[in-house]
Participant: 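What follows is a structure written as structure tokens; I'll ask about it next.
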Amino acid sequence: MKRYPMKRILVLCLILSAHNAEADEGSEIVEAMEEYLEFVDYGGATIFSQQIPAEDWGNFFVVDTRSASQYEQEHIPGAVNIEWRQILARRSELPRDKAVLVYCNTGSLSAQAGFALRLAGHENVRILQGGMREWQARGGFDAHARAMDSNR
């Protein structure tokens, strides 16, 4: 199978979506996406809030991918706001030497942002499963401790 660099996969995907075209079976775009999906880790880099101990949140560069108005209303403390549609245009603002955690309200838009970043070569990206809503429901920074207590 032909090997495609991540930037080429991303460009092909963007071209396809920009022209609202369909890829034919066996096309370069389909082959590139198949190759990406063959090597991407199971779960697509998602992480649950209860998997992150409170003291480990500082190890992440946290990005709120929601709109500026949603971010202003509430956000995870320490998060920066980069709307999901701007994540690739602003990817130079993201560290390469630290894990990047993206979230939105439910995880759907941040999943798209995370997928795009990973295609662009950012392997250090994690997507907060369930987004802000799940983070709040699980106890925020205390989600891990609560999960550990409930397992005892």
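Bear in mind that the values here come from a model prediction, so they are computed numbers and not experimental data.
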Participant: Would you please say whether a donor-acceptor pair under 3.5 Å links the side chains of Gln51 and Gln129?
Facilitator: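 Their side chains do not contain a donor-acceptor pair, so the 3.5 Å distance test is not met.
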Participant: Can you label the angle between the His75 ring and the Tyr71 ring as parallel, tilted or perpendicular, going by 30° and 60°?
Facilitator: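 Parallel, since the angle between the ring planes stays under 30°.
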Participant: Name all residues meeting the side chain to side chain contact (heavy atoms under 4.5 Å, CB included) criterion together with Glu83; count only those two or more places apart in sequence or in a different chain, and write none if there are none.
Facilitator: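 Result, side chain to side chain contact (heavy atoms under 4.5 Å, CB included) vs Glu83: Arg85, Gln86.
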Participant: State plainly whether one hydrophobic cluster holds both Phe48 and Val102, where clusters connect Ile, Leu, Val, Met, Phe, Trp and Tyr through side-chain heavy atoms under 4.5 angstrom apart.
Facilitator: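 No: no chain of side-chain contacts under 4.5 Å links Phe48 to Val102.
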Participant: Does one hydrophobic cluster hold both Leu117 and Val80, with members joined at side-chain heavy-atom distances below 4.5 Å?
Facilitator: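 Yes, it is one cluster - the side chains of Leu117 and Val80 are joined through contacts under 4.5 Å.
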Participant: Rounded to the nearest 0.5 Å, what separation is found between the CG atom of Asn105 and the CZ atom of Arg133?
Facilitator: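 Atom-to-atom, Asn105:CG and Arg133:CZ are 5.0 Å apart.
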Participant: Indicate, with yes or no, if Val100 and Ile52 share a hydrophobic cluster defined by side-chain heavy-atom contacts under 4.5 Å among Ile, Leu, Val, Met, Phe, Trp and Tyr.
Facilitator: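 Hydrophobic grouping puts Ile52 apart from Val100.
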Participant: If every non-hydrogen atom of Tyr103 is compared with every non-hydrogen atom of Gly131, which pair is closest and at what distance?
Facilitator: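 Closest pair (atom of Tyr103, atom of Gly131, distance): CB-CA, 4.4 Å.
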Participant: So, for Ala116 and Leu88, which heavy atoms are closest and what is the spacing to 0.1 Å?
Facilitator: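 For Ala116 versus Leu88, the nearest heavy atoms are O-CD2, 3.7 Å.
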Participant: Using every non-hydrogen atom in the two residues, find where Cys104 and Gly107 come nearest and quote the distance to one decimal.
Facilitator: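 Scanning both residues, the minimum pair turns out to be SG-N, 3.1 Å.
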Participant: Looking at every non-hydrogen atom in both residues, tell me the closest pair between Leu128 and Leu101 and how far apart they are.
Facilitator: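 For Leu128 and Leu101, the tightest heavy-atom pair comes out as N-CD1, 3.8 Å.
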Participant: Ala111: which residues meet the side chain to side chain contact (heavy atoms under 4.5 Å, CB included) condition with it, sequence neighbours left out?
Facilitator: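 Side chain to side chain contact (heavy atoms under 4.5 Å, CB included) check on Ala111 returns Ile127.
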Participant: Is any side-chain heavy atom of Gln70 closer than 4.5 Å to a side-chain heavy atom of Met132?
Facilitator: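 SC-SC contact between Gln70 and Met132 ruled out.
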Participant: With a 4.5 Å cut-off on side-chain heavy atoms, are Val125 and Leu94 touching?
Facilitator: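 In short, these two side chains do not touch, never coming nearer than 4.5 Å.
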Participant: For a 4.5 angstrom cut-off between non-hydrogen side-chain atoms, does Arg118 reach Arg126?
Facilitator: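 Side-chain contact under 4.5 Å: yes.
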Participant: From Thr65 OG1 over to Ile87 CD1, what is the distance, rounded to the nearest 0.5 angstrom?
Facilitator: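 Here the interatomic distance stands at 7.0 Å.
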Participant: Can you give me the closest heavy-atom contact between Gly139 and Arg146, atom names plus distance?
Facilitator: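 Looking at all heavy atoms of both residues, the shortest contact is CA-NH1, 3.4 Å.
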Participant: Got Ile76 and Phe60 here, is their nearest side-chain heavy-atom distance under 4.5 Å?
Facilitator: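 Answer no - side chains too far apart.
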Participant: Restricting to non-hydrogen atoms, name the atom on Phe61 and the atom on Lys98 that form the minimum distance, rounded to 0.1 Å.
Facilitator: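 Of all heavy-atom pairs spanning Phe61 and Lys98, the closest is N-CE, 3.9 Å.
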Participant: First locate atom CZ of Arg66, then atom CD1 of Ile82, and finally report the distance between them rounded to the nearest 0.5 Å.
Facilitator: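 Those atoms lie 14.0 Å apart.
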